[in-house]
Amino acid sequence: MMDLGSKIKKLRIEQNRSLLDIANACGFSKSLLSKIENGKTIPPISTLVKIAEALGTRVSILLDDQERTGTIYTPKEMSHSKLVKTDKGYSFFTFAVERSEKLMQPFLFVSRKSEQDNKNVYSHNGEEFIFILEGEMKYKVGNVEYSLKPGDSLYFDSIEKHALFPMTEEVKYIAVFTQSRSNNG
């Protein structure tokens, strides 16, 4: 399987587009996109959503190229052993990456209070659902802050600025994103 950065670069080059073109479409620097393409940084999911939209594809295509249809089974051991650590203070596992044409993208997130950068604010197209499994966190959507404990959930338009703040050392939660379909999709 091709790694994330290489796949982004390949799609960009196939579309005959420059680093600057994609970076501008995403609203971030050419330098950041270069670091992502060269595997020097793992971007947050909100950044991947923006890159996927700029490339006219879906996040699931960027995360895996082994397409399947139908039911995708993921044993617990796999979701916990294949967490990808970001430089934003959290790790994530992407469920059902093999199924590229899905309408939603579910993730398992593990956020650690000691590693979390409280300046991270996210915004991307689509909708988002969050369900807390373990730990506690504050989650801000727009100007409203919610205190979330195991069993609590939020559903919101992810274009609204949102941020999370772990209150316990570790918070595990499920997040399901929808991504706006591209014009050709």
Side-chain angles (χ1 to χ4, degrees), residues 1 3-4 28 36 41-53 58-64 66 68-181:
M1 185 181 103
D3 69 65
L4 175 65
F28 50 74
I36 293 167
T41 187
I42 304 280
I45 298 302
S46 59
T47 299
L48 282 180
V49 169
K50 290 175 183 176
I51 293 170
E53 287 179 350
R58 307 194 55 78
V59 172
S60 53
I61 298 290
L62 297 179
L63 294 170
D64 193 83
Q66 299 173 9
R68 285 184 37 206
T69 58
T71 303
I72 308 293
Y73 168 71
T74 306
K76 177 182 178 181
E77 299 75 32
M78 181 181 288
S79 64
H80 287 76
S81 67
K82 299 210 178 204
L83 285 166
V84 175
K85 187 170 177 55
T86 71
D87 58 1
K88 299 292 184 185
Y90 66 86
S91 300
F92 68 92
F93 173 78
T94 311
F95 292 98
V97 292
E98 308 91 333
R99 189 167 171 170
S100 62
E101 290 302 317
K102 57 188 161 294
L103 299 175
M104 58 185 170
Q105 181 60 69
F107 295 91
L108 168 66
F109 283 99
V110 178
S111 183
R112 290 185 173 73
K113 185 176 185 178
S114 59
E115 299 172 10
Q116 185 69 35
D117 181 353
N118 289 336
K119 293 182 228 106
N120 291 330
V121 176
Y122 306 104
S123 173
H124 48 92
N125 289 330
E127 296 175 345
E128 199 164 325
F129 172 77
I130 294 170
F131 183 84
I132 309 303
L133 299 169
E134 297 175 16
E136 297 179 17
M137 71 174 160
K138 293 199 182 293
Y139 206 98
K140 188 172 183 178
V141 180
N143 294 321
V144 180
E145 188 172 273
Y146 301 88
S147 292
L148 302 174
K149 296 178 178 169
D152 291 345
S153 67
L154 284 177
Y155 189 107
F156 58 93
D157 291 322
S158 44
I159 195 69
E160 287 192 70
K161 290 186 177 184
H162 50 283
L164 68 104
F165 312 97
M167 301 308 291
T168 53
E169 179 49 38
E170 184 175 275
V171 180
K172 287 184 182 175
Y173 59 101
I174 297 290
V176 181
F177 299 177
T178 63
Q179 183 180 344
S180 302
R181 290 209 178 265

Can you name the nearest heavy-atom pair linking Pro166 to Val171, along with the distance?
CB-CG2, 3.9 Å
Mind checking whether Phe165 and Lys140 have side chains closer than 4.5 Å, heavy atoms only?
yes
Do you know which two heavy atoms are closest between Ile132 and Lys149, and how far apart they sit?
CB-O, 3.3 Å
Quick one: list whatever passes side chain to side chain donor-acceptor pair (under 3.5 Å) with Thr71, sequence neighbours left out.
none
Should Tyr146 and Phe156 count as side-chain neighbours, where that means a heavy-atom distance under 4.5 Å?
no
All side chain to side chain donor-acceptor pair (under 3.5 Å) counterparts of Thr41, not counting sequence neighbours
Asp87
Supply the atom-to-atom distance Tyr139 OH to Leu164 CG, rounded to the nearest 0.5 angstrom.
5.5 Å
Contact summary for Pro150 and Leu133, nearest pair of heavy atoms
CB-O, 3.6 Å
Got a donor-acceptor contact below 3.5 angstrom from the Ser123 side chain to the Ile159 backbone?
yes
CZ of Phe92 to CG of Leu48: how many Å apart, nearest 0.5 Å?
6.0 Å
Looking at residues at least two apart in the chain, or sitting in another chain, which of them share a side chain to side chain donor-acceptor pair (under 3.5 Å) with Ser147?
Lys138
For Glu127, give me all partners under side chain to side chain donor-acceptor pair (under 3.5 Å), at least two apart in sequence or on another chain.
Tyr155
Partners passing side-chain contact (heavy atoms from CB on, under 4.5 Å) against Thr47 (at least two apart in sequence or in another chain):
Phe28, Ile36, Pro43, Pro44, Ile51
Taken to the nearest 0.5 Å, the spacing of Thr94 OG1 from Leu62 CG works out to 10.5 Å
Measure the OH-CD1 distance between Tyr122 and Ile45 for me, rounded to the nearest 0.5 Å.
9.5 Å
Could you go through residues 105-114 and list every donor-acceptor pair under 3.5 Å that involves a side-chain atom there, pairing it with any protein atom two or more places apart or in another chain?
unit_1	atom_1	unit_2	atom_2	d
Gln105	OE1	Lys102	NZ	3.3
Gln105	NE2	Phe95	O	2.9
Ser111	OG	Gln116	OE1	2.8
Arg112	NE	Glu170	OE1	3.3
Arg112	NH2	Glu170	OE1	2.8
Lys113	NZ	Met167	O	3.3
Ser114	OG	Glu169	OE2	2.8

Atom of Gly151, atom of Phe131 and distance for their closest heavy-atom approach:
O-CE1, 3.4 Å
Roughly how far, to the nearest 0.5 Å, is CD1 of Ile130 from OG of Ser158?
9.5 Å
Separation between NZ of Lys161 and OG of Ser46, rounded to the nearest 0.5 Å:
12.0 Å
Might you work through the side-chain contact (heavy atoms from CB on, under 4.5 Å) test for Glu134 and Tyr173, ending with a clear yes or no?
CA-CA 7 Å; Glu134 297 175 16; Tyr173 59 101; over 6 Å; no
Students often mix this up, so state it plainly: with edges at 30° and 60°, are the rings of His124 and Phe177 parallel, tilted or perpendicular?
tilted
